[in-house]
Amino acid sequence: DGSQGSVIQGMNIYRSGWSSGSYKIVDINTDNITLKKNYIFALKNGAHTDGTGYSIYINGDRNDINIQQNWIFAQIADWSNSYNYNGYIYAIRFTGIPTNCIIKNNFIRSWKSHTYGYAYTIHMDVNDVAIDMDIYNNVMWGSITTYYTDQFNNILVSGTKDGGGDVMANNLCDGTQYPDMLNNQQNVDMSTVFVDYVLYIDNGYILASGSPATGAGISGGDCGVFGYQAGGVPYVLSGLPAIPAIYETNVVQTGTSAQVTIKAVSHNEHK
C-alpha cells in the first residue's frame, strides 16, 4: 500500500528456484500498477516435489493493473526427467476479481521440460461476472484459464483454453481453443504466421509475409504483439524505451576540458 501509480519498466527480472517452497518475482498487492517493457522469467527446477513459482502474482481484488509490452516466461525444468517434479509454475496469476485490468501486447509462455508438474500461462482463480479485464494483442503459449474477459487479436501458438463467460473475437489458435465464430481462426499453421516462432526470440514474432494474422484483428488491425489499431501499444523489440536512448558516447579530453559526442535514437511506440 502506498505504491499506487508505480511503473516498473525496462527491467530484467529473473529467479531460479532449486529449493522446495514458493516464490513470487513480481508480487502485486495494491491497485494502479503498470508493468511494461520488462523481461520477467520464473524458473522452477531441481529434485523437489513441491513448490510454486510465479512470474507475476496479482493478489486479491485489484483495480487498474496494466501489463503491456513484456516478455513473460515461466518454466519447470527437470532436464533428466527423473525427479518426478510435481511443482507449479505460473506466468500470470490473478487470485481475486480484477477490474479495469489489461494484458496487452505481451509475449507470455509457460512451459515444462518434462512430463511432471503443472505450468500455467494466465490463470484466474475466481469465476465471477464482476470481472472486468481485457486480454488483447498477445502471443501466448500454454494453459489459459479465464472468466468473463474480453479477448481479441491474440495468437495462441499452442496450449489449452479453459474457463467461461469470455468474449473472444479475432483471435488465432493452432487448434480449436478459440470458438469457431466472431472471426476467430482455428487450426492455423503457426509456421505461416511468424517469421520464425520456434526461436523464442522477440523479432521471430514479427508477422511473416502473407501471414493469416495480418489485417485479421478488430478494425482491420494485425493480431499479435505488434498490432495496435484496436488500442494496443506495439511490443518494442528488446524493451527499448520510447524516450531518446543514448547508444554511443565518445569523450575526448584535452587538458582540463573535454569534448563529448552523444548519439541517441527515439523509438516510436507506433509504426
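By convention here, the first residue in the shown sequence is residue 1.
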- prompt: With sequence neighbours left out, which residue pairs that include part of residues 167-187 fulfil the ring pair (Phe, Tyr, Trp, His ring centres under 6.0 Å) condition?
  reply: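 Found none.
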Below 4.5 Å, heavy atoms only, C-beta onward: do [X] and [Y] meet side chain to side chain?
| X | Y | result |
| --- | --- | --- |
| Lys37 | Val236 | yes |
| Ile58 | Pro98 | no |
| Ile122 | Ile108 | yes |
| Leu172 | Pro212 | yes |

Distance-only polar pair, side chains of [X] and [Y], donor-acceptor under 3.5 Å:
| X | Y | answer |
| --- | --- | --- |
| Asp64 | Asn66 | no |
| Gln4 | Thr30 | yes |
| Asp174 | Ser158 | no |
| Thr146 | Gln151 | yes |

- prompt: So does Asp125 pair up with Arg93, basic N to acidic O under 4.0 Å?
  reply: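 Looking at Arg93 together with Asp125, the answer is yes, because their closest N to O distance falls below 4.0 Å.
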[X] [atom1] to [Y] [atom2] distance, which is reported to the nearest 0.5 Å:
| X | Y | atom1 | atom2 | value |
| --- | --- | --- | --- | --- |
| Ile144 | Lys161 | CD1 | NZ | 7.5 Å |
| Cys173 | Asn154 | SG | CG | 10.5 Å |
| Leu43 | Gln75 | CG | CD | 5.5 Å |
| Lys36 | Met11 | NZ | CE | 15.0 Å |
| Ile56 | Leu35 | CD1 | CG | 5.0 Å |
| Thr149 | Tyr147 | OG1 | OH | 11.0 Å |

query: Can you list the steps and then say if Ile40 with Val26 is a side-chain contact (heavy atoms from CB on, under 4.5 Å)?
result: CA-CA 8 Å; Ile40 305 171; Val26 178; 4.2 Å; yes
Do you know the tightest heavy-atom contact between [X] and [Y]?
| X | Y | result |
| --- | --- | --- |
| Asp61 | Ile97 | OD1-N, 2.7 Å |
| Phe194 | Val157 | CE1-CG2, 4.0 Å |
| Ile8 | Ile13 | CG2-CD1, 4.4 Å |
| Ser110 | Ser143 | OG-N, 4.0 Å |
| Ser55 | Ala91 | CB-O, 3.3 Å |
| Asn70 | Asn106 | N-OD1, 2.8 Å |

field: Tyr120: ring pair (Phe, Tyr, Trp, His ring centres under 6.0 Å) partners, not counting sequence neighbours
entry: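 Tyr90, His123.
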task: Could you pull out all residues at least two apart from Tyr148 that satisfy ring pair (Phe, Tyr, Trp, His ring centres under 6.0 Å)?
output: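 Partners of Tyr148 by the ring pair (Phe, Tyr, Trp, His ring centres under 6.0 Å) criterion come out as none, since no residue qualifies.
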- request: With sequence neighbours excluded, tell me which residues meet salt bridge (charged side-chain N to carboxylate O under 4.0 Å, His left out) with Lys112.
  value: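 Once residues adjacent in sequence are excluded, Lys112 has no partner under the salt bridge (charged side-chain N to carboxylate O under 4.0 Å, His left out) criterion.
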message: Just to verify, what does Asp31 make a salt bridge (charged side-chain N to carboxylate O under 4.0 Å, His left out) with, not counting sequence neighbours?
response: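 If we apply the salt bridge (charged side-chain N to carboxylate O under 4.0 Å, His left out) test to Asp31, skipping adjacent residues, the hits are Arg62.
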message: Distance to the ring centre below 6.0 angstrom and angle to the axis at most 45 degrees; does that hold for Lys24 and Tyr57?
response: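 Yes, cation above the ring, under 6.0 Å and within 45°.
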message: So, applying ring-ring contact (aromatic ring centres under 6.0 Å, His included) with Phe41, which one of Trp71, Tyr54, Tyr14, Trp111 is it?
response: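 When ring-ring contact (aromatic ring centres under 6.0 Å, His included) is applied between Phe41 and each of Trp71, Tyr54, Tyr14, Trp111, only Tyr14 qualifies.
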Checking the side chain of [X] only, and the main-chain atoms of [Y] only, is there a donor and an acceptor separated by less than 3.5 Å?
| X | Y | result |
| --- | --- | --- |
| Thr249 | Ile262 | no |
| Thr34 | Val7 | no |
| Gln185 | Asn187 | no |
| Asn38 | Gly10 | yes |
| Gln177 | Gly159 | yes |
| Asn171 | Asn184 | no |
| Asn138 | Ile103 | yes |

field: Chi angles and distances behind the side-chain contact (heavy atoms from CB on, under 4.5 Å) call for Ile92, Ile72
entry: CA-CA 8 Å; Ile92 301 175; Ile72 304 165; 3.9 Å; yes
query: When clusters are formed from ILVMFWY side-chain contacts under 4.5 Å, directly or step by step, what else is grouped with Val167?
result: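 Taking Ile, Leu, Val, Met, Phe, Trp and Tyr as members, Val167 stands alone, with no cluster partners.
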query: To which residues is Leu182 joined in a hydrophobic cluster, defined by side-chain heavy-atom contacts under 4.5 Å among Ile, Leu, Val, Met, Phe, Trp and Tyr, whether direct or through other members?
result: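 Met181, all in the cluster of Leu182.
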- prompt: Going through the checks in order, is the side-chain hydrogen bond (donor to acceptor under 3.5 Å, both in side chains) test met by Asn63 and Asn100?
  reply: CA-CA 6 Å; Asn63 304 317; Asn100 196 33; over 6 Å; no
Quick one: side chain to side chain contact (heavy atoms under 4.5 Å, CB included) partners of [X], sequence neighbours excluded?
| X | result |
| --- | --- |
| Asn105 | Gln69, Asn137 |
| Asn170 | Asn153, Asn183, Ile218 |
| Leu237 | Asp202, Asn203, Phe226, Tyr235 |
| Val195 | Ile206 |

task: Please collect all side chain to side chain donor-acceptor pair (under 3.5 Å) contacts where either partner lies in residues 204-215, sequence neighbours excluded, each pair once.
output: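 Passing the test, one end in residues 204-215: no pairs.
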task: Starting from the C-alpha separation in whole Å, work towards a yes-or-no answer on side-chain contact (heavy atoms from CB on, under 4.5 Å) for Asp134 and Lys104.
output: CA-CA 8 Å; Asp134 292 335; Lys104 62 182 179 181; over 6 Å; no
- prompt: Taking the six-membered ring for Trp, is the centroid-to-centroid distance between Trp141 and Tyr200 below 6.0 Å?
  reply: yes
query: Do the side chains of Val198 and Ile201 join up, straight or via other hydrophobic residues, at under 4.5 Å, putting them in one cluster?
result: no
- request: Could you walk me through whether Met190 and Val188 pass side-chain contact (heavy atoms from CB on, under 4.5 Å), step by step?
  value: CA-CA 6 Å; Met190 291 296 157; Val188 177; 4.1 Å; yes
